[in-house]
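Okay, so here's the structure we're looking at.
All of these numbers come straight from a predicted model, not from anything done at the bench.
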Amino acid sequence: LDVISNFKCLSRCPFATFIEMRSSNTICLLFLSAIFCTQEIAFAQQNKIDSLIALVKNDKEDTNKVNHLYWLAREYQGISGFQSALTNGKLALTLAKELKWKKGEALAYHSIASNYYYHGNYPEVLTNAFASLKIKEELGDKAGMADSYTVIGIAYYRRGNFTETVKYSTNALQIYEQAGNKQRRAL
């Protein structure tokens, strides 16, 4: 514990007495690493957001702008920027509809559904995920369909509708297995 007392942040910790002397340096390093990594990730994410904002401002009203709005929504979602994520997802959807770009519509609906999921609004998740699924079916986008089935299955699970959970999760699993997507099958 003499080593721990050298680190004021750990010496005040009520669990410090349980830490062996030889592991205290490791714990301090892990703690400091976590702080620096978190700051580095937040900084990198803010840089991505700033870059995407600059692209959106300069983009023509085309599919590139839809993609940039989609990715901007996803980045905001990653930092819990619900309103900004939702706004950019809806802007992407509006522009994709104006351009009659179905793939962009599907992406935007999926982004909006994901955003509502993280805020527990499962009826909106389902509305937007089903809209995305319908377009992906029209396009024959199997991987996209599987992703939509997954979101729908999870939303039904959160609502306690296990029959629908099994139905949509099974649909997703079948597509992932056909595609040989081992990473997604684990979900």
Side-chain angles (χ1 to χ4, degrees), residues 37-38 41-53 55-56 63 65-99 101-187:
C37 287
T38 302
I41 290 168
F43 181 73
Q45 220 162 6
Q46 188 59 50
N47 279 345
K48 282 184 185 179
I49 288 171
D50 292 342
S51 296
L52 286 164
I53 288 170
L55 287 170
V56 167
T63 58
K65 188 168 189 169
V66 174
N67 281 321
H68 293 148
L69 287 165
Y70 165 79
W71 284 109
L72 186 56
R74 297 294 297 223
E75 289 298 322
Y76 274 123
Q77 188 178 4
I79 61 168
S80 300
F82 173 72
Q83 197 55 51
S84 296
L86 190 58
T87 298
N88 284 288
K90 288 181 176 183
L91 287 171
L93 179 60
T94 300
L95 182 55
K97 284 182 176 184
E98 288 174 11
L99 297 170
W101 187 42
K102 291 293 189 181
K103 182 179 178 183
E105 286 182 47
L107 281 173
Y109 277 124
H110 192 85
S111 173
I112 294 166
S114 296
N115 200 36
Y116 279 124
Y117 170 79
Y118 288 109
H119 290 85
N121 189 339
Y122 303 117
E124 285 295 327
V125 171
L126 292 170
T127 298
N128 287 282
F130 274 117
S132 181
L133 175 61
K134 182 180 177 194
I135 295 168
K136 291 171 183 175
E137 288 172 340
E138 291 170 7
L139 297 173
D141 178 4
K142 292 281 191 184
M145 289 167 52
D147 290 342
S148 290
Y149 285 139
T150 299
V151 171
I152 292 166
I154 293 170
Y156 276 128
Y157 174 79
R158 295 290 185 186
R159 294 186 79 187
N161 187 335
F162 302 117
T163 303
E164 293 298 305
T165 299
V166 170
K167 175 183 168 184
Y168 286 97
S169 298
T170 301
N171 289 344
L173 179 61
Q174 288 172 346
I175 293 172
Y176 291 139
E177 285 178 341
Q178 289 169 359
N181 190 333
K182 293 178 183 178
Q183 186 178 19
R184 291 289 192 177
R185 280 192 332 216
L187 292 175

All side-chain contact (heavy atoms from CB on, under 4.5 Å) counterparts of Ile53, not counting sequence neighbours: Ile49, Lys57, Leu72, Tyr76
Side-chain heavy-atom pair Trp71, His68 within 4.5 angstrom cut-off: no
dist Glu105:CD -> Ser132:OG (nearest 0.5 Å) comes out at 10.0 Å
Atom NZ in Lys65, atom CG in Leu69: separation rounded to 0.5 Å? 6.5 Å
My understanding is that only residues two or more places apart in sequence, or in another chain, count here; which of them pass side chain to side chain donor-acceptor pair (under 3.5 Å) with Tyr117? Arg158
What is the minimum heavy-atom distance between Ala96 and Gly104, and which atoms define it? CB-C, 3.6 Å
Can you sort out the partners of Thr94 under side-chain contact (heavy atoms from CB on, under 4.5 Å), two or more places apart, ordered by chain and number? Glu98
Could you list the donor-acceptor pairs under 3.5 angstrom formed by side chains in residues 166-175, with sequence neighbours left out?
unit_1, atom_1, unit_2, atom_2, d
Ser169, OG, Thr165, O, 2.8
Thr170, OG1, Val166, O, 2.6

Would you compute the distance between atom CG of Asn47 and atom CD of Glu75 and round it to the nearest 0.5 angstrom? 10.5 Å
Can you name the side-chain contact (heavy atoms from CB on, under 4.5 Å) partners of Leu126, sequence neighbours left out? Phe130, Ile152, Ala155, Tyr156, Arg159
Flag side-chain contact, heavy atom, 4.5 Å: Leu91 against Thr87: yes
If you measure from CG on Asn121 to OG1 on Thr127, what distance do you get to the nearest 0.5 Å? 8.5 Å
Considering only distance and modelled atom types, tabulate donor-acceptor pairs under 3.5 Å from the side chains of residues 106-115, sequence neighbours left out.
unit_1, atom_1, unit_2, atom_2, d
Tyr109, OH, Lys97, NZ, 3.1
His110, ND1, Lys136, NZ, 3.4
Ser114, OG, His110, O, 3.1
Asn115, ND2, Phe82, O, 3.2

Kindly compute the distance separating CD (Glu137) from CE (Met145), expressed to the nearest 0.5 Å. 5.0 Å
Among residues at least two apart in sequence or on other chains, which ones pass side-chain contact (heavy atoms from CB on, under 4.5 Å) with Trp101? Thr63, Val66, Asn67, Leu99, Lys103
A side-chain contact here means heavy atoms from C-beta on lying under 4.5 Å apart; do Asn128 and Glu124 qualify? yes
I'd like to check the ring pair (Phe, Tyr, Trp, His ring centres under 6.0 Å) partners of Tyr118; sequence neighbours left out, ordered by chain and number. none
